[in-house]
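Take a look at the structure below.
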Amino acid sequence: MRNLTLIFVCVACLCTSGSAYFITVDAHAEECFFDKVDTGTKLGLTFEIAEGGFLDIDVRIVGPDNKVIYQGERETSGKFTFAAHTPGVYTYCFSNKMSTMTPKVVMFNMAIGEAPKTDAEQGAAAGAEGESNKKLEDMIRELSGTLTGVKHEQEYMQVRDRIHRAINESTNSRVVMWSFFEALILVAMTFGQVYYLKRFFEVRRVV
């Protein structure tokens, strides 16, 4: 019964923490998100620009002590993992201040690991559950992390497919419009040449 409980807890954690979010960052704007964690907790940020301009954005991660942990400019996608060096609120910011008029659609996911257990908690857990339950718990936690990674990869591929489809449709429409424009030019040149030749021979007959 205890083992089943552990499995249900891990699956529930996977379902709640594995979702990706979509936000729109307007031109000259910045959107920030926050996580409050303890020291040693593993944090991760995965992001991808889905729409807007040149598909780039500025990214910044700041710790509770205002220390910049990660900063990138005009990035299209990225994945960054780190461990909390101090307890408190960690800030993730997406900035589109370099854009003059184009908003950006960002898909991102903030992964939060478990806080490391203290020596007292580890000793109590070992005495109460035994070595076998501890191994099972570690295996389930590893499986949960792997499944979360697979889900993130699927979401990443879906966004990439959406971006490439939009590029293909845009290129398609431009090719069609250019072909239509070329056809109009050819028709206009044909009528122009016929009119010019007709006028030329009419003038010769008059002379």
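These values consider heavy atoms only, across backbone and side chains, with no hydrogens, waters or symmetry-generated copies. Here, residue 1 is the first one in the sequence, and each next residue gets the next number.
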Q) Please, which pairs that meet disulfide (SG to SG under 2.5 Å) have at least one residue in residues 147-184, sequence neighbours excluded? A) none

Q. Going by the disulfide (SG to SG under 2.5 Å) test, which pairs reach into residues 152-181, not counting sequence neighbours?
A. none

(Q) Please give the remaining members of the hydrophobic cluster of Phe191, linking ILVMFWY side chains under 4.5 Å, ordered by chain and number. (A) Val187

Q.
Filter on side-chain hydrogen bond (donor to acceptor under 3.5 Å, both in side chains), then keep only pairs touching residues 81-92, sequence neighbours left out; what's left?
A. Asp65-His85

Q) Other hydrophobic cluster members with Val194, side-chain heavy atoms of Ile/Leu/Val/Met/Phe/Trp/Tyr under 4.5 Å, chained? A) none

Q | Of all pairs that satisfy salt bridge (Lys or Arg N to Asp or Glu O under 4.0 Å), the ones with a partner from residues 39-48, not counting sequence neighbours | A | Glu48-Arg160

Q.
Under the salt bridge (Lys or Arg N to Asp or Glu O under 4.0 Å) definition, can you give me all pairs with a residue in residues 74-86, not counting sequence neighbours?
A. Asp56-Arg74

With a cut-off of 3.5 Å and sequence neighbours excluded, list every side-chain donor-acceptor pair involving residues 22-36.
from  : atom 1 : to     : atom 2 : distance (Å)
His28 : NE2    : Thr100 : O      : 3.4
Glu30 : OE2    : Arg60  : NH1    : 3.2

Q: Only pairs at least two apart or in different chains count here, so list each ring pair (Phe, Tyr, Trp, His ring centres under 6.0 Å) that has a residue in residues 55-81.
A: Tyr70-Phe80, Phe80-Phe82

(Q) Test: salt bridge (Lys or Arg N to Asp or Glu O under 4.0 Å). Region: residues 164-173. Which pairs qualify, not counting sequence neighbours? (A) Asp161-Arg165

Q. Do any pairs count as a side-chain hydrogen bond (donor to acceptor under 3.5 Å, both in side chains) and have a residue in residues 179-192, sequence neighbours left out, and if so which ones?
A. Trp178-Glu182

Q: Hey, could you give me each pair passing disulfide (SG to SG under 2.5 Å) that has a residue in residues 147-190? Not counting sequence neighbours.
A: none

